[in-house]
**Q** 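Questions regarding the structure given below will be posed in turn.
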Amino acid sequence: MCPTERQVFIEHLEHYAKESEYPALDVFICTADPYKEPPIDVVNTALSVMAYDYPIEKLSVYVSDDGGSQLTLFAFMEAASFATHWLPYCKINKMVERCPEAYFASNPSPETDQIKSMYERMRDRVENVVKRGSISHDYIPDQREIEAFSRWTDEFTPQNHPPVIQVLLERGKDKDITGHDMPNLVYISREKRMDSPHHFKAGALNVLLRVSATMTNAPVILTLDSDMYSNDPQTPLRVLCYLLDPSMDPKLGYVQFPQIFHGINKSDIYGGELRHVYQVQLSGMDGLAGPQLIGSGGFFRRKIFFGGPSETPEMNQDRLTSKSIRSKEVLAMAHHVAGCNFENQTKWGTKMGFRYGSLVEDLYTSYQLQCEGWKSINCKPKMPAFLGNSPLNLHGLLNQTTRWSVGLLEIVFCKHNPIIYGVQSINLLSGLGFAYYAFWPFWSVPLTTYAFLPQLALLNSTSIFPKVCILSMVL
Ligand SMILES: O=c1ccn([C@@H]2O[C@H](COP(=O)(O)OP(=O)(O)O[C@H]3O[C@H](CO)[C@@H](O)[C@H](O)[C@H]3O)[C@@H](O)[C@H]2O)c(=O)[nH]1
Ligand SMILES: [Mn+2]
């Protein structure tokens with residue numbers, strides 16, 4: 001047992017790899033409901049990662065919309081055009097804060113006026129459209145955009161619709177206002193049918209894995225929740241310090257950053273900060289086979305989703321380089337792999353991709369990956385890499401806790417229970433570490449008892465502790 005804290009020195013990265021040797025990076029952002037997760041927040045998350053300090057020709061951002069909402073697509077069309085101003089603005093001014101909403105909130109200086117009003121115009125348009133619930137025709141002047149919205153027919157509902165994939169920006173083709181390349185930006189709403197299970201976020205992430213494989217197939221992947229914006233543009237370089245380190249264990253599969261929440265009230269009465277998990281347990285697990293996944297802020301080697309460390313060769317990217325991601329051929333393949341029958345009779349969800357069977361797909365997937373032999377690292381820089389939201393009211397908290405409890409119990413009662421299978425497959429302590437999380441809902445019984453027992457004992461004038469007598473003190 002050896003709780004581990006790590007530090008990297010980004011300035012040394014150049015000794016190990018030139019920029020041209022950096023691996024390509026595909027970023028996955030998930031959203032599921034335009035009313036619970038406002039599209040303008042998702043846009044802020046996307047803009048913050050599109051502006052990463054990373055070679056632009058190696059960066060792609062994929063947005064998965066499980067809400068199947070044209071409001072979200074509209075927001076991203078607006079974002080694509082604002083990004084052509086925002087990305088050069090960030091780089092020319094060497095800004096650290098690259099999430100527009102957070103930047104303008106902390107920099108009210110007059111020099112930002114022009115870009116700020118541009119951002120506010122975009123935000124107002126997006127918010128107006130969401131408030132109205134529909135997009136009026138004068139908001140979509142472009143023929144390509146009109147065509148994209150024509151897929152929302154009368155039969156189209158969030159639970160029942162064909163796949164929609166829209167390439168909003170393509171590197172090499174779309175340029176920013178200074179004439180430089182833009183990263184790829186792709187909107188995806190996977191096919192949904194009433195009679196097909198969709199497997200919640202794990203299902204969405206697996207579609208993202210496949211669609212991105214048809215377009216860019218980057219060997220490194222970052223997954224983000226809709227609200228988790230980047231707070232540090234150098235985060236991918238920090239990850240490369242681990243992934244490209246020649247002395248690193250070749251079984252290293254992913255690097256996990258803790259979730260840090262902003263906007264929690266000072267006294268944090270609901271314990272939303274989850275300090276025990278992110279500040280204590282992740283370091284503890286890091287000293288064993290590595291920390292579990294926590295859903296957002298994880299950088300993966302793509303190959304770990306296709307088998308154990310001994311079975312998976314490096315990815316081959318050659319076949320992709322020549323084709324445009326807007327080409328008919330690539331789009332046809334992308335739509336095909338985003339269909340809901342694609343996974344039938346395949347190993348997706350069992351041996352491949354994010355694993356199905358638990359509502360806490362992050363813990364379950366990382367548990368299975370570690371059972372296969374993959375290792376992980378907890379990266380906790382002083383400046384938070386990502387900032388997001390945590391439930392701020394009792395209703396939201398109870399909702400989340402119930403969902404987590406159901407998901408964790410699914411792990412307890414699955415055939416790969418951590419106490420039996422995990423202890424044998426990973427190691428004793430890591431298996432018990434995963435078991436600690438999986439059995440977390442059961443803690444509510446002793447905790448609730450302990451919360452009420454002393455008061456009841458006091459009211460009834462009985463003692464819950466044994467009387468201290470001289471003999472027991474001597475013993
Ligand atoms: O069918 C679904 C359901 C959710 N999501 C997305 O998944 C993310 C997380 O969902 P949320 O409702 O915010 O769950 P939380 O309980 O806040 O999330 C925590 O717990 C989840 C389950 O363990 C992890 O996946 C998350 O990363 C982690 O932040 C969000 O971006 C959603 O848009 C989907 O894409 N499809
Ligand atoms: Mn969340």
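Order of appearance sets the numbers: ligands from 1, and atoms from 1 within every ligand. The structure presented is a predicted model; accordingly, all values stated were derived computationally and were not measured.
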**Q** Charged N to carboxylate O under 4.0 angstrom, K58 versus D26?
**A**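 Salt bridge between K58 and D26, a charged N being under 4.0 Å from a carboxylate O: no.
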**Q** I'd like to know if R193 pairs up with E155 as an ion pair, taking the criterion as any Lys NZ or Arg NE/NH1/NH2 lying under 4.0 Å from an Asp or Glu carboxylate oxygen.
**A**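 No, no charged N to carboxylate O under 4.0 Å.
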**Q** Suppose the criterion is salt bridge (Lys or Arg N to Asp or Glu O under 4.0 Å): which pairs have a residue in residues 332-354, not counting sequence neighbours?
**A**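 Applying salt bridge (Lys or Arg N to Asp or Glu O under 4.0 Å) to every pair that reaches into residues 332-354, excluding sequence neighbours, yields R210-E343.
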**Q** Collect the protein residues that have a non-hydrogen atom under 4.0 Å from ligand 1 and hand them over in chain and number order.
**A**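 Lining ligand 1: C30, T31, A32, E37, D66, F200, K201, D225, S226, Q259, I294, G295, S296, L359, V360, E361, D362, Q400, R403, W404.
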**Q** One thing to verify: whether R190 and D65 come together as a salt bridge, which I'm taking to mean a side-chain N less than 4.0 angstrom from a carboxylate O.
**A**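 No, D65 and R190 are not salt-bridged.
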**Q** Over 60° means perpendicular and under 30° means parallel, so classify the ring planes of Y356 and H199, tilted if in between.
**A**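 Parallel, since the angle between the ring planes stays under 30°.
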**Q** Taking NZ, NE, NH1 and NH2 as the nitrogens, is one of them in E57 or R171 under 4.0 Å from a carboxylate oxygen of the other?
**A**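 R171 and E57: not salt-bridged.
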